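Structure, as structure tokens:
Proteins get letters first, then strands, A, B, ... in listed order; numbering begins at 1 in each. Predicted model only: the values in this text are computed from it and were never measured.
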Protein chains: 2
Amino acid sequence: MQNHQDKPLINAGGEQGILQAAEALFAEKGFDAVSMSAIAKLANTSKPNIYHHFKNKNELYFAIMEAAVQRATDLLDALEDSPGTIRQRLADFSAGQLENILLHDRSTQLIMREAFSGTSERGRDIAKQMVSKVFSRLVAMVQQGQSKGEFRADIDPSLAAFMIVSTNMFYFQSKPVMEDNPEITFSGDASTFNRIVTDIIFNGLITQGNSAP
Amino acid sequence: MQNHQDKPLINAGGEQGILQAAEALFAEKGFDAVSMSAIAKLANTSKPNIYHHFKNKNELYFAIMEAAVQRATDLLDALEDSPGTIRQRLADFSAGQLENILLHDRSTQLIMREAFSGTSERGRDIAKQMVSKVFSRLVAMVQQGQSKGEFRADIDPSLAAFMIVSTNMFYFQSKPVMEDNPEITFSGDASTFNRIVTDIIFNGLITQGNSAP
DNA sequence: TTGTGTACTGACCGAACGGTCGGTTAGTAT
DNA sequence: ATACTAACCGACCGTTCGGTCAGTACACAA
């Protein structure tokens with residue numbers, strides 16, 4: 001039988017199938033709540049076969065974590081700076097980043113769970129890579145805007161960057177909680193959400209000409 | 001021996017001691033990673049005694065969850081509206097809320113973990129109570145500011161409220177990840193953090209007189 | 001003294017866990 | 001044909017889990 005890589009790799013057997021099944025389960029329930037038997041069952045294989053491909057549960061988990069971070073940072077690198085004013089570039093970058101995390105929700109959930117609720121040193125370190133990557137890009141943009149006189153110089157650029165990251169990340173992770181809150185009307189439309197958020201961050205909430213009462 | 005309640009209730013025996021020990025462990029490691037034996041050991045009692053006071057592990061967990069949410073909402077109710085302009089009241093409320101969650105970090109961690117990473121329907125419902133409480137207070141404030149002409153009327157008030165909640169919550173939960181990031185300089189000082197955040201939200205990032213290039 | 005309820009415990013249970021064992025299949029190079 | 005190897009599996013192991021049981025210690029009321 002010839003080597004057929006033309007077949008779709010959905011529900012692929014072997015190592016790929018194990019990785020996919022494990023990623024889905026770990027993202028949904030977290031490390032402790034997922035058993036190796038459950039992974040084996042979802043991957044349509046046996047538990048010993050998982051141990052044939054991976055040293056132990058931790059190694060399997062970290063393999064998935066590292067792949068998730070890799071994919072996330074790759075997407076970030078592919079997000080090239082758009083042309084135009086700094087504020088336009090900043091808004092576009094923010095929108096692209098939000099799009100990325102919504103598109104790859106499983107990876108994102110995995111990373112964020114480990115970053116904020118994780119107990120292992122190693123997991124936190126891995127997760128930190130991605131956060132700091134988004135962060136330094138944003139800080140550089142804000143600083144650029146400041147040196148060009150486009151942004152106020154009296155604002156800590158890392159704090160402005162933090163606000164953008166916060167709203168995006170929190171939008172993602174609070175979605176299940178917020179979406180059946182009757183007071184929330186913006187949920188479900190990420191692009192308009194991002195447009196208004198950047199509008200507020202750039203122009204402020206206060207009515208123009210009323211900033212110093 | 002007389003009943004001596006004059007002793008400090010730190011490491012109190014009985015039901016209180018169990019609750020305190022369980023809260024500390026659950027907040028730190030999460031539901032699955034904490035065993036009843038570990039709780040018993042920390043509470044200086046035996047495992048069967050826990051089952052004498054609580055039906056099972058779930059009931060113990062939810063008892064702590066509900067107490068945490070109760071305490072959080074009580075603190076929120078005690079945060080009365082300050083006098084002054086709407087923007088002043090909004091800034092004060094935000095600062096007070098951030099103070100609360102930082103002061104009761106164990107309760108907050110517990111609630112947020114369940115809200116955003118939890119798997120049980122019940123846990124999410126319990127956690128939702130607190131989030132929506134903060135949220136509706138903020139939305140009402142923003143709407144008031146809009147009807148008074150203090151805030152722009154073209155902004156979705158729930159989205160402005162969401163930004164404030166996001167930055168506060170995310171500040172809390174990302175603290176361990178952010179605080180050893182060399183680009184972050186504001187970490188560790190919650191009140192100035194809040195001051196600048198509200199400044200940005202009210203006045204915007206853009207240099208005055210440069211809002212429409 | 002005898003009852004009664006509450007707080008508490010050591011010893012134990014079945015189930016599920018992470019992980020291992022010996023062995024089987026199938027492709028492949030010699 | 002033979003030898004080797006990666007992929008895979010049923011059955012099993014030691015340990016730990018949540019939870020139970022029979023019983024003890026002690027307060028207080030009758």
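- For dG19(D), its base never sits under 3.5 Å from the side chain of K57(B) at any donor and acceptor pair.
- When side chains are defined from C-beta on, V177(B) does not count as touching N181(B), because their heavy atoms never get closer than 4.5 Å.
- Rounded to an integer number of Å, the gap from I39(B) CD1 to dG18(D) P is 8 Å.
- The NE2 atom of H52(A) sits 15 Å away from the C1' atom of dG22(C) (whole-angstrom rounding).
- There is no side-chain donor-acceptor pair under 3.5 Å between E66(B) and Y61(B).
- For the pair D32(B) CG and dG18(C) P, the interatomic distance rounds to 11 Å; values are reported in whole Å.
- In this model, a donor atom of one side chain and an acceptor atom of the other lie less than 3.5 Å apart for R89(B) and Q144(B).
- Proximity of H53(A) to the phosphate of dA6(D): no side-chain N or O atom is located under 4.0 Å from OP1 or OP2.
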Under the side chain to side chain contact (heavy atoms under 4.5 Å, CB included) criterion, do F135(B) and K128(B) qualify, and how do the steps go?
CA-CA 10 Å; F135(B) 207 71; K128(B) 243 183 267 183; over 6 Å; no
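- The pair E59(B)-R122(B) meets the salt-bridge criterion, with a side-chain N (NZ, NE, NH1 or NH2) lying under 4.0 Å from an Asp/Glu carboxylate O.
- Between the P atom of dG18(D) and the NZ atom of K55(B) lies a distance of 17 Å, rounded to the nearest Å.
- OP1 or OP2 of dC17(D) sits under 4.0 Å from a side-chain N or O of S35(B).
- Counting only heavy atoms from C-beta on, N56(A) has its side chain closest to dG19(C) among dG19(D), dG19(C), dC8(D).
- Per the geometry, CG belonging to N49(A) stands 13 Å off C1' belonging to dT24(C), to the nearest Å.
- With rounding to whole Å, L60(A) atom CG is found 10 Å from dG19(C) atom P.
- In this structure, T45(B) reaches the dT9(C) phosphate: one of its side-chain N or O atoms is under 4.0 Å from OP1 or OP2.
- The separation between Y51(A) atom OH and dC17(C) atom P is 11 Å, rounded to whole Å.
- Across the protein-nucleic acid pair, I50(B) atom CD1 and dA7(C) atom P stand 15 Å apart, rounded to whole Å.
- Listed nucleotides dA11(D), dG18(D), dT20(D) differ in distance to P48(A); the shortest reach to its side chain belongs to dA11(D).
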